Protein chains: 2
Amino acid sequence: MLREKRGVSLSTLARTAGVGKATLSALENGLRNPTLETLYAITAQLGVPLAAVLSGPATTPTVQGATVTATLLESFTDTDASYELYRLRVRPGAEQLSPAHQAGVTEHVTVFSGMLRAGPADAPATATAGGHLRWTSDVPHVYAALGDEEVAASLLLRYPRR
Amino acid sequence: MLREKRGVSLSTLARTAGVGKATLSALENGLRNPTLETLYAITAQLGVPLAAVLSGPATTPTVQGATVTATLLESFTDTDASYELYRLRVRPGAEQLSPAHQAGVTEHVTVFSGMLRAGPADAPATATAGGHLRWTSDVPHVYAALGDEEVAASLLLRYPRR
DNA sequence: CGTTCCTGTTTCGTAAACGGAACGATCGGG
DNA sequence: CCCGATCGTTCCGTTTACGAAACAGGAACG
């Protein structure tokens with residue numbers, strides 16, 4: 001974790017960033033849905049751009065303790081599109097349904113471990129380690145972990161220039 | 001505004017993004033401090049990267065109705081640093097004190113209109129239209145609008161590679 | 001062993017972000 | 001003209017993110 005790599009304690013960061021220790025603790029364990037204000041207070045104190053710590057598709061509890069989380073690793077822009085690269089983590093048994101997004105956005109998923117079923121809600125596909133899935137996100141789509149192993153994957157979102 | 005340029009109504013966007021109209025209305029008028037979850041729901045529906053709509057240093061009411069707001073225009077990375085460019089708006093009489101950030105972060109402010117007093121809390125400098133201010137943000141620093149005119153400025157944050 | 005200081009988690013009351021519904025304003029069509 | 005549809009804002013009860021403080025677990029020291 002970023003804070004630990006900096007060698008700063010939770011208590012210290014909470015104090016210098018001006019947020020409660022309860023807040024910081026809860027955020028690090030993914031059991032809260034932070035406000036932009038607290039997020040900025042923390043990133044500013046760490047000397048890191050806001051985008052560096054954004055968790056993407058909000059952690060959505062579906063079944064008891066079964067969640068899907070996405071963490072933004074990097075975002076960049078080239079001449080005709082911008083991209084966001086997430087690390088995806090799907091707990092065993094977890095299943096998440098995302099509503100349709102604006103047309104033109106493409107999702108690319110590469111599975112590192114576990115078995116992932118994902119894609120358009122009416123025609124999801126399955127991939128295991130090394131596999132790749134791609135779809136356009138203008139229809140509702142799902143993510144689900146098959147089997148009892150946690151799924152690790154990368155998720156690349158491509159937003160065309162407009 | 002982005003939503004209007006798309007020609008989509010508040011009511012429609014609220015429905016398709018799955019958030020309340022009250023929420024969307026309040027956000028557009030800057031009177032709420034959104035949750036990451038709602039922010040993602042909206043940007044995803046608009047087909048836009050999260051970073052594209054981030055408001056930066058949270059709108060901080062100091063005196064009655066006197067606020068400082070910053071809106072992220074663009075963020076990018078080169079070989080040895082990443083940058084975030086904000087549009088800064090300081091209402092007449094507003095004054096904001098920001099705590100010290102991590103060492104290495106530099107703030108550049110260019111004033112377009114009005115008179116801005118900003119910089120390290122113990123030695124702020126003053127700039128009018130066309131003026132430029134620069135300081136390192138590892139000490140507490142202030143922003144204040146002098147005179148009775150609203151200050152418009154750009155704020156460039158430079159985060160060195162680590 | 002106690003004592004002290006630190007870690008990170010948990011409890012709890014308060015403040016505020018949330019969605020649903022009610023509202024007045026504006027626009028077209030018959 | 002009035003009526004229906006849709007716009008964005010406001011009101012309100014519920015949910016939840018927030019900070020202060022209490023808490024349990026380790027490590028260092030006497």
Side-chain angles (χ1 to χ4, degrees), chain A residues 1-46 50 53-65 67-71 96-100, chain B residues 1-46 50 53-69 71 96-100:
Chain A
M1 190 198 318
L2 178 58
R3 176 178 64 75
E4 287 166 345
K5 279 197 294 193
R6 294 287 179 80
V8 48
S9 76
L10 182 148
S11 310
T12 306
L13 179 57
R15 183 172 39 77
T16 57
V19 307
K21 304 198 324 183
T23 301
L24 199 48
S25 170
L27 287 187
E28 291 187 347
N29 294 314
L31 14 116
R32 228 184 256 188
N33 170 21
T35 269
L36 214 49
E37 187 175 351
T38 52
L39 206 54
Y40 178 79
I42 296 169
T43 57
Q45 180 55 37
L46 286 172
L50 253 182
V53 253
L54 281 185
S55 2
T59 297
T60 314
T62 46
V63 196
Q64 182 86 16
T67 58
V68 178
T69 65
T71 316
Q96 175 169 315
L97 179 65
S98 288
Chain B
M1 189 199 314
L2 178 59
R3 174 177 64 78
E4 288 166 345
K5 279 197 294 193
R6 295 288 180 80
V8 49
S9 76
L10 184 148
S11 308
T12 306
L13 179 56
R15 184 173 38 78
T16 57
V19 307
K21 303 200 321 185
T23 302
L24 198 48
S25 170
L27 286 187
E28 291 187 349
N29 294 314
L31 12 116
R32 229 183 255 189
N33 170 21
T35 269
L36 213 47
E37 188 174 350
T38 52
L39 204 54
Y40 178 79
I42 296 168
T43 57
Q45 181 54 38
L46 285 172
L50 254 181
V53 255
L54 280 184
S55 1
T59 298
T60 314
T62 47
V63 196
Q64 183 86 15
T67 58
V68 178
T69 63
T71 316
Q96 176 170 317
L97 179 64
S98 288

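Within every chain, numbering begins at 1; the chains are lettered A, B, ... in the order of the sequence lines, protein sequences first and strands thereafter. All values reported here derive from a predicted model rather than from experimental measurement.
- In this structure, the CG atom of Asn33(B) is 5 Å from the P atom of dA17(C), given to the nearest Å.
- Heavy-atom distances to DNA chain D give each of Leu27(A) and Val8(B) a nearest nucleotide, and the one nearer the 5′ end belongs to Val8(B).
- Side chain of Ser9(A) to main chain of Thr12(A): a donor-acceptor pair is present (N/O by atom type, distance under 3.5 Å, no hydrogens or angles).
- As a whole-Å value, the separation of Leu10(A) CG from dA20(D) P is 14 Å.
- For the OP1/OP2 pair of dA17(D) and a distance below 4.0 Å, the side-chain nitrogens and oxygens of Thr35(A) include no atom meeting the criterion.
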### Query
Please walk me through it: do Val19(B) and Leu27(B) pass side-chain contact (heavy atoms from CB on, under 4.5 Å)?
CA-CA 11 Å; Val19(B) 307; Leu27(B) 286 187; over 6 Å; no

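- Between the CD atom of Glu28(A) and the P atom of dC18(D) there is a distance of 13 Å, rounded to whole Å.
- For Ser25(A) and dT10(C), the shortest distance from a side-chain N or O to OP1 or OP2 is not below 4.0 Å.
- Atom C1' of nucleotide dG8(C) and atom CD of Glu4(A) are separated by 10 Å, given to the nearest angstrom.
- The distance from atom CG of Leu13(A) to atom C1' of dT7(C) is 14 Å, rounded to the nearest whole Å.
- Between Thr23(A) and dA17(D) there is no side-chain N or O to OP1 or OP2 distance below 4.0 Å.
- The shortest distance between the side-chain N/O atoms of Ser9(B) and the OP1/OP2 oxygens of dC7(D) is below 4.0 Å.
- Leu36(B) has its CG atom 11 Å from the P atom of dA17(D), to the nearest Å.
- Between Lys21(A) atom NZ and dC12(C) atom P there is a gap of 18 Å when expressed in whole angstrom units.
- The phosphate of dC18(C) (OP1 or OP2) has a side-chain N or O of Arg32(B) nearer than 4.0 angstrom.
- In terms of phosphate contacts, Arg3(A) brings a side-chain nitrogen or oxygen within less than 4.0 Å of OP1 or OP2 of dG8(C).
- Not one side-chain nitrogen or oxygen of Thr38(B) sits closer than 4.0 Å to the OP1 or OP2 atom of dG19(C).
- Between Leu31(A) and Leu31(B), it is Leu31(B) whose nearest contact on DNA chain D lies nearer the 5' terminus.
- For the OP1/OP2 pair of dT9(C) and a distance below 4.0 Å, the side-chain nitrogens and oxygens of Asn29(A) include at least one atom meeting the criterion.
- Nearest heavy-atom pair across Arg3(A) and Val8(A) is NH1-O, 2.9 Å.
- Between the CD1 atom of Ile42(A) and the C1' atom of dA17(D) there is a distance of 12 Å, given to the nearest Å.
- Residue Thr12(A) has its side chain nearest to dT7(C) when only dT7(C), dG8(D), dA20(D) are considered.
- With rounding to the nearest 0.5 angstrom, the CZ atom of Arg32(B) is 11.0 Å from the OG1 atom of Thr35(A).
- Shown here for Leu10(B) and Leu24(B), the closest heavy-atom pair between the two residues is O-CD2, 3.6 Å.
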